[in-house]
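Heads up: the structure comes next, in structure tokens.
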2 protein chains.
Amino acid sequence: MSTAEETTGGETSGWGEVTPDAARRLLIAAVEAFAERGYHATTTRDIAGRAGMSPAALYIHYKTKEELLHRISRIGHEKAVEILRTAARGEGSATERLADAVSSFVRWHAGGRTTARVVQYELDSLGPDARAEILALRRQVDAEVRGIIEDGLTTGEFDVLDVQGTTLAVLSLCIDVARWFNVNGPRTPEEVGALYADLVLRMVGAKR
Amino acid sequence: MSTAEETTGGETSGWGEVTPDAARRLLIAAVEAFAERGYHATTTRDIAGRAGMSPAALYIHYKTKEELLHRISRIGHEKAVEILRTAARGEGSATERLADAVSSFVRWHAGGRTTARVVQYELDSLGPDARAEILALRRQVDAEVRGIIEDGLTTGEFDVLDVQGTTLAVLSLCIDVARWFNVNGPRTPEEVGALYADLVLRMVGAKR
DNA sequence: GGCCACGCTAAGCGCCCGCTCAGCTTCAGC
DNA sequence: GCTGAAGCTGAGCGGGCGCTTAGCGTGGCC
């Protein structure tokens, strides 16, 4: 459990790369609105209002409402790839790296649930080009996890019959955290991360 | 693997209880449209058009667009409860009943992906009253799965540290199938059901 | 001090939304 | 053959949508 930079600073952190300030405020407002109501149910007036601006100000920084979703989705997916890549290319055994990958990925989905919800569940609202770009990032996500599982099979740490199916299931389990996790619920993101790391090690038959 | 009535007749089956015929056609059209584009992005004109009717015809059978979603969601959740209850109250060991529950639940989410998508992912589009009613059905779903896991702990078949957390994870894994399953993909609903039953038995530490 | 580029707003355009309503057709009951 | 109920349509209302445009205030630069 090493890579845990994701929850510091609340839900609005992690957008430091977006400039200028007004564009970042609009983007954060859009993330919150999309997460609460969904992309199609969110109006540009709502986004601008949350950012303390008039509806027209949005169009100075973004060409369309869809460009906002595209930017959010790309930044979020790049973060997801980074989290998994850091864990996958770490130093420990396949067992340690898989546990690390799952727990940090889950912590990101639980702690940054607002962002993760938009990133994982609004993909279909993008147009074909933007969607294709995001799907390429998803294949990188899949490859990182599959790589760790294959490593564990090579070293004899794991016992898995269907590598691709198990990879899919592991990612699916982590991603769905963004759907059900409740900040006011009984579990912290860290607790869910630890529970899920244990469950996933059981799924791959890790010897312990 | 006993309860497998869900995929027969294609995606439009299972609405036999909805009458008259025109109301059922509108409901099926709504399921397809909501699954493809999401509730908010679907227009009443689109639903009526798919059912071969004028937009006004919709309002003879349903008071609002939301009532359509409510009806779909309730029927779908009742079906989900029924599937899990049949498996949970079957005759075999806890191990057999859990495998049966997971594989039939997964087959329903994969084979009836169109319906399952609407049922599982459009809950937030309902108003407070309808949403509360559906959440009660979800608690029944949770209770059935938790019950099997508790049975397996009592008999010593399973080894689980966090019963509620594991129940949540098992259901989450099954439900998310509706998000990623692709009818034209490499796996049949039966194959995914079998794979997931195996993974879940590993998660609960079932002795085999 | 004059100028202009920049960030923003007030107003509003054209469109399509959910939904309504007057009226048409069909058909069972007598 | 007449009547009333049921099922449906064509036309359209009020409103909110995404997005545009003309113009205003402000601060850096010479």
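By convention in this document, chain letters (A, B, ...) are assigned in the order of the sequence lines, proteins followed by strands, and residues within each chain are numbered from 1.
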Which part of the nucleic acid, if any, lies within contact of B:Thr43, taking any heavy atom under 4.0 Å across all strands shown: a base, the sugar-phosphate backbone alone, or nothing? sugar-phosphate
Comparing nearest nucleotides in DNA chain C, the 5'-proximal residue of the pair B:Glu66, A:Ile60 is A:Ile60
Given DNA chain C, 5'-ward residue of the pair B:Thr42 and A:His61, judged by closest heavy atom: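 Its nearest nucleotide being more 5', the pick is A:His61.
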Whole angstrom is fine here: how far is it from [atom1] in [X] over to [atom2] in [N]?
| X | N | atom1 | atom2 | value |
| --- | --- | --- | --- | --- |
| B:Tyr39 | C:dG18 | OH | C1' | 10 Å |
| B:Arg37 | C:dC16 | CZ | P | 14 Å |
| B:Arg24 | D:dG7 | CZ | P | 14 Å |
| A:Leu26 | D:dC19 | CG | P | 14 Å |
| A:Arg25 | C:dC8 | CZ | P | 7 Å |
| A:Asp21 | C:dC6 | CG | C1' | 15 Å |
| A:Asp46 | D:dC19 | CG | C1' | 16 Å |
| A:Lys63 | D:dT20 | NZ | C1' | 15 Å |

So, does the side chain of B:Arg45 form a donor-acceptor pair with the base of C:dG18 at under 3.5 Å?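 Yes.
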So A:Tyr121 and A:Val118, do their side chains get closer than 4.5 Å, heavy atoms only?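 Answer no - side chains too far apart.
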When you check the side-chain N and O atoms of A:His77 and A:Gln140, is any donor under 3.5 Å from an acceptor? no
At less than 4.0 Å, is any side-chain N or O atom of B:His40 found next to OP1 or OP2 of C:dC17? Yes or no. no
Quick check on D:dG18: is either OP1 or OP2 less than 4.0 Å from any side-chain nitrogen or oxygen of A:Thr44?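 Checking A:Thr44 against D:dG18: at least one side-chain N or O falls below 4.0 Å of OP1 or OP2.
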Closest to the [X] side chain: [options]?
| X | options | result |
| --- | --- | --- |
| A:Ala57 | D:dC19, D:dC8, C:dT9 | C:dT9 |
| A:Lys65 | C:dT9, D:dG18, D:dG10 | D:dG18 |
| A:Tyr59 | C:dC19, D:dG18, D:dC8 | D:dG18 |

A:Arg139 and A:Asp142 ion-paired at < 4.0 Å: no
Between B:Arg37 and A:Asp124, is the closest basic N to carboxylate O distance under 4.0 Å? no
Roughly how far, to the nearest 0.5 Å, is CD1 of A:Ile75 from NZ of A:Lys79? 11.5 Å
